[in-house]
Amino acid sequence: MATFLYRLGRLAFRRRRFVVLIWIALLAAVTMGAGSVSGTTTDNFTLPGTQSQQAIDLLEKEFPQASASGATARVVFEAPDGQKLTSAAHKPEVESLVAGLEKAPQVASVSDPFTSGLVSASGTVACAQVTYAVPQADITPDASDALRDIAAQGEEAGLAISLGGNAVLDEGGSRATELIGLLVAAFALVITFGSVVAAGLPLLSAIFGVGAALGAITIASSFVDMASNAQTLALMLGLAVAIDYALFIVSRYRGELRDGHEPEEAAGRALGTAGSAVVFAGLTVIIALAGLSVIGIQMLTTMGLAAAFAVTVAVLVALTLLPATLGFAGTRLASGRFITRRMRAAEHGRRTTTGVRWGRFVTRHPWKTLLASVVGLGILSVPALSLRLTLPDDSMASPRSTQRVAYDTLSKGFGPGFSGPLTVVVDARTSEDPRRAAQNTAGLLGRLGDVAAVRPPVFNQAGDVALITAIPGSSPTSQATVDLVADIRERSGALEEDSGARLMVTGTTAVNIDVSDKLGDAMVPYLGIVVGLALVLLLLVFRSILVPLKAALGFLLSVTATLGVLVAVFQWGWLKDLFGVDETAPVVSLLPILLIGVVFGLAMDYEVFLVSRMREEYVHGATPDEAIVSGFRHGARVVTAAAVIMISVFAGFLLDDVALVKSIGMGLASAVLFDAFVVRMTIVPAVMALLGHRAWALPAWLDRVLPDVDVEGERLRHALAARGEAVHAAALGSHEPTASAPAR
């Protein structure tokens, strides 16, 4: 692979104009394509085998008028201060708006608040429940506009109108977070390289890569149901890894120039060495993200595949567009107006860098640094023992969004559980008296402790399937509501024995609980798959047994410490004001799985870029401690810059108002911080210093079986060295004097 990448780097360098034009044309094509399609996103979950999904399937078959899989919206009316909606001044206006809702596109049914008991006891708040004939992904812009138009009419009449439910489409958010991340990344790159030109190339690569990936994902959303946060995750990862991969290659290119190679040769060598590590690191991220599809949840699958595609594009950009842009920059990358004398002295080995000093400190005090790091991460991991999972709902929306206003208004008027009603399905097709079974179920629900209200049963046309709506007394994400759903389901057996009817709980709240349980159960097996993959890949790369084990254990420490931070901030509320967390809630159930996949890939990035240089020096005869210090000499500055850039990009998303985006940003930023600086820069060298020569031991039989992937480009260097010796010998031969012919 190293030889192929060496040739690819030289080819892209020579044909730089053609390569750049290809990428410009590709970016223009996907941008125009994305602008011409009407892609939609969704947060809907389907989870075959769960009770909530079984109930939905039953209703679609036996109770189609209920539109169990249809999107829903809540139109919340609030009277002006000191007035009531039941007054003669406001009641006709509310009824007129409800009539308008019934005529809106794709609407299947609307519940009138005055006839269905959806007016608060104070008379100041009312709710019209809108059920659509199509799922959320199929809601048209016309239907969404009609909903907002009716809300605007209510506002003109003096009422406060807010909208909730999954039929309310999110409006486009601000891109200030990405801009902040890019600015911090640019600053870090200028400090690292001391050159605006050298700093600009990784940013240019990131812009091309992210632009092409997001355009393609937008086009794909016209053909598949894409998760609403798929583009956000793809943007986060695409931006971070594109800059990182370009950073490693540009850094190696500058080193090859300093060694006296011509620019084209330097580009080939940089791609053949650092490019090989980029391919491997990118492959690990792609596999981990694509592996999310095995969990069987479409929303998670689309998020993982979209992010994996963004990483794939970032790798392709690094291997083709970047060496082409190196051709335009030439030798200017070796110099820069911001390069200080200290930087030049460090580059030429006349000054000991901070990375080298840190590497020597760790090798001199391995036990102390190892113990301090492990204990510190262990303490941060303690809150993870209290991890609770949930799915995002309107309570986690931006405080200024109409969804959040609707949620808060309903909680004020009806109680915290009103926004998360439970749909209890009574399947009485085998019962001798379906109506008695439904009435008994309603009575049973009314006697449960955390049920605030129970609406009368509604039957299908056949009269053998009934719907009962139960309003919990607690919020949809609370543990009390989770316990209530479990309690209702446990009583199904007694009901079936008594009346022959089966009881099932569904609705958005129950679906969210089932999905969270599914994701929680899948987390440990998925973690095992990812760790196993790490062991296999690192075994191939480093041809060692202990190095992969150490890397995998360090990865586990990073993940558990990150989960601990998320629980402490988002679930317990520690420092929540500092990070702009409006309300505490369980951790979003998608996040731990995503963290495992993403952090695994990033951890392998730093492991490969740092430890591969150690192995290279060790193979060339350095002692274990010397190899560690040499690895820090060549890799610590670049790995530090890469980690700072990633942390900056991810931390920028903490400024987002949406709780899910904010938690993803904090989780990824914390994970990179722990893994890069605590695990890879501290625990890894400490453990390797303690192991000594044993760190690189590999049984002879395993050494013969394993393929040699040559991530460090060792065979390429030997081939280039042999070619150089041959050229030198030929040059010497051409200058030798020709022997004179013998005299006659």
Approximate separation, where rounding is to 0.5 Å, of L553 CG and L535 CG: 8.5 Å
Heavy-atom side-chain proximity of E617 to E626 below 4.5 angstrom: no
Worked check of side-chain contact (heavy atoms from CB on, under 4.5 Å) between L706 and L698: CA-CA 10 Å; L706 290 178; L698 183 69; 4.2 Å; yes
Heavy-atom side-chain proximity of M523 to L387 below 4.5 angstrom: yes
Any donor-acceptor N/O pair, T560 side chain to L557 backbone, under 3.5 Å: yes
Side-chain heavy atoms of Y606 within contact of M681, under 4.5 Å: no
Distance in Å, L380 CG paired with L563 CG, rounded so as to fall on 0.5 Å steps: 11.5 Å
From CG (L316) to OH (Y245), nearest 0.5 Å: 11.5 Å
Residues forming a ring pair (Phe, Tyr, Trp, His ring centres under 6.0 Å) with F361, sequence neighbours excluded: W358, H365
Contact check, side chains of K550 and V611, non-hydrogen atoms, under 4.5 Å: yes
Under 3.5 Å: donor-acceptor pair, side chain of S221, backbone of T218: yes
Candidate list I287, L289, L283, test side-chain contact (heavy atoms from CB on, under 4.5 Å), partner V285, passing option: L289
Over all atoms of both residues, closest heavy-atom pair of R388 and Q571: N-OE1, 3.1 Å
Donor-acceptor pair, side chain of S205 and main chain of A314, under 3.5 angstrom: no
Heavy-atom check, side chain of L519 versus side chain of L300, under 4.5 Å: yes
S251 side, atom OG; R637 side, atom CZ - distance, nearest 0.5 Å: 9.0 Å
Under 3.5 Å: donor-acceptor pair, side chain of K662, backbone of L654: yes
Gap between atom CZ of F309 and atom CG of L214 - 0.5 Å precision: 9.5 Å
Heavy-atom closest pair, residues P202 and A246: CA-CB, 3.5 Å
Stepwise side chain to side chain donor-acceptor pair (under 3.5 Å) check, R360 with T363: CA-CA 5 Å; R360 288 173 177 168; T363 55; over 6 Å; no
R489 and S52, any side-chain heavy atoms less than 4.5 Å apart: yes
Would you be so kind as to tabulate the donor-acceptor pairs closer than 3.5 Å made by side chains of residues 664-675, with sequence neighbours excluded?
residue: S670; atom: OG; partner: M666; partner atom: O; Å: 2.8
residue: D675; atom: OD1; partner: S558; partner atom: OG; Å: 2.7
residue: D675; atom: OD1; partner: R680; partner atom: NH2; Å: 3.1
residue: D675; atom: OD2; partner: R680; partner atom: NE; Å: 2.8

Parallel, tilted or perpendicular, as decided by the 30° and 60° cut-offs, for the rings of F542 and W696: perpendicular
Contact summary for S663 and F570, nearest pair of heavy atoms: CA-CZ, 3.5 Å
Verdict with reasoning, L377 to I683, per side-chain contact (heavy atoms from CB on, under 4.5 Å): CA-CA 11 Å; L377 291 180; I683 293 178; 4.2 Å; yes
Test log, rule side-chain contact (heavy atoms from CB on, under 4.5 Å), inputs L595 and L566: CA-CA 11 Å; L595 275 177; L566 289 173; 3.5 Å; yes
Note, V567 side chain near L385 side chain (heavy atom, < 4.5 Å): no
Evaluation steps, side-chain contact (heavy atoms from CB on, under 4.5 Å), between D517 and I513: CA-CA 6 Å; D517 289 343; I513 291 171; 3.9 Å; yes
Minimum side-chain heavy-atom gap L610-V684 below 4.5 Å: no
Between T354 and R357: side-chain donor-acceptor atoms closer than 3.5 Å: yes
Separation between OG of S544 and CG of D703, rounded to the nearest 0.5 Å: 11.0 Å
Least distance between heavy atoms, T302 atom then A230 atom: O-CB, 4.1 Å
Ring pair (Phe, Tyr, Trp, His ring centres under 6.0 Å) partners for F555, two or more places apart: F600
Side chain R694, main chain L691, donor-acceptor under 3.5 Å: yes
Residue that, paired with Q479, satisfies side-chain hydrogen bond (donor to acceptor under 3.5 Å, both in side chains) out of T477, D483, T481: D483
For A206 against I243, the heavy-atom pair lying closest together: CB-CG1, 3.5 Å
Minimum heavy-atom distance V313-A212, with the two atoms named: CG1-CB, 4.3 Å
